[in-house]
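Every value quoted in this text rests on a predicted model; they were computed, and no experiment measured them. Heads up: numbering here begins at 1 and tracks the sequence. Order of appearance sets the numbers: ligands from 1, and atoms from 1 within every ligand.
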Amino acid sequence: MTYENVVPSDLGGIASALLEAFATTNVWLFYGELGAGKTTLIKEILQLLKTEEPGSSPSFSIVNEYFSPELGSIFHFDFYRIEDQREAMDIGCEEYFYSQALCLVEWPERIPDLLPEKSLKVHISMREDQRAITVKA
Ligand code: ADP
Ligand code: MG
């Protein structure tokens with residue numbers, strides 16, 4: 001399905017609908033060019049899940065772990081900066097994907113060989129100051 005003409009104030013409602021509809025899918029892949037709004041939507045999801053970020057990580061790296069009272073550990077990946085899929089393999093991304101933990105993944109196209117068969121795909125495209133968000137299971 002596609003949400004058209006999405007403005008920032010719509011994102012909370014969309015995040016909430018996705019959490020309800022796709023609770024049984026643990027790997028969520030976010031596609032879209034730089035500035036499309038992948039991180040913004042993921043932050044909405046994390047906020048709805050009332051996550052706390054463990055204080056240890058100094059700055060954003062390939063993976064950040066969050067903790068939700070309801071769902072436990074949640075992993076936010078950003079593969080934008082990796083040069084080789086091996087870097088993703090080395091941090092153990094496949095173990096996260098095949099666990100039960102919710103994995104929110106930016107730039108999944110950088111790790112084509114490591115993606116699980118089952119995932120939710122969220123495509124965000126930019127249309128001037130609005131977005132279209134397409135969701136496929
Ligand atoms: P990405 O992670 O895809 O590179 P970001 O989420 O970091 O993108 O940044 C997207 C930018 O676009 C932010 O400035 C954000 O406020 C804005 N933005 C995000 N979603 C929307 C939207 N639905 N409509 C308009 N602007 C948006
Ligand atoms: Mg981002």
Q: Considering only protein heavy atoms, determine whether one is less than 4.0 Å from atom 14 (O) of ligand 1.
A: no

Q: So which protein heavy atom does atom 21 (C) of ligand 1 come closest to, and at what separation?
A: R131 CG, 3.8 Å

Q: Starting from atom 4 (O) of ligand 1, what is the nearest protein heavy atom, named by residue and atom, and what distance separates them?
A: G35 N, 2.8 Å

Q: Which residue and atom name correspond to the protein heavy atom nearest atom 7 (O) of ligand 1, and how close is it?
A: T39 CB, 3.8 Å

Q: Under 4.0 Å from ligand 1, counting heavy atoms only, is it the side chain of E106, its backbone, both or neither?
A: side chain

Q: Tell me which part of T40 gets within contact of ligand 1: side chain, backbone, both or neither, using heavy atoms under 4.0 Å.
A: both

Q: Do any N/O/S atoms of T39 come under 2.8 Å of the Mg ion (ligand 2)?
A: yes

Q: Is G32 in contact with ligand 1, taking contact as a heavy-atom separation below 4.0 Å?
A: no

Q: For atom 25 (C) of ligand 1, which protein heavy atom lies nearest, and how many Å away is it?
A: D129 O, 3.2 Å

Q: Would you mind telling me if ligand 1 is within reach of the side chain of L41, the backbone, both or neither, using heavy atoms under 4.0 Å?
A: neither

Q: Closer than 2.8 Å to the Mg ion (ligand 2): does that hold for any N, O or S atom in D78?
A: no

Q: Looking only at heavy atoms of M126, does any of them come nearer than 4.0 Å to an atom of ligand 1?
A: no

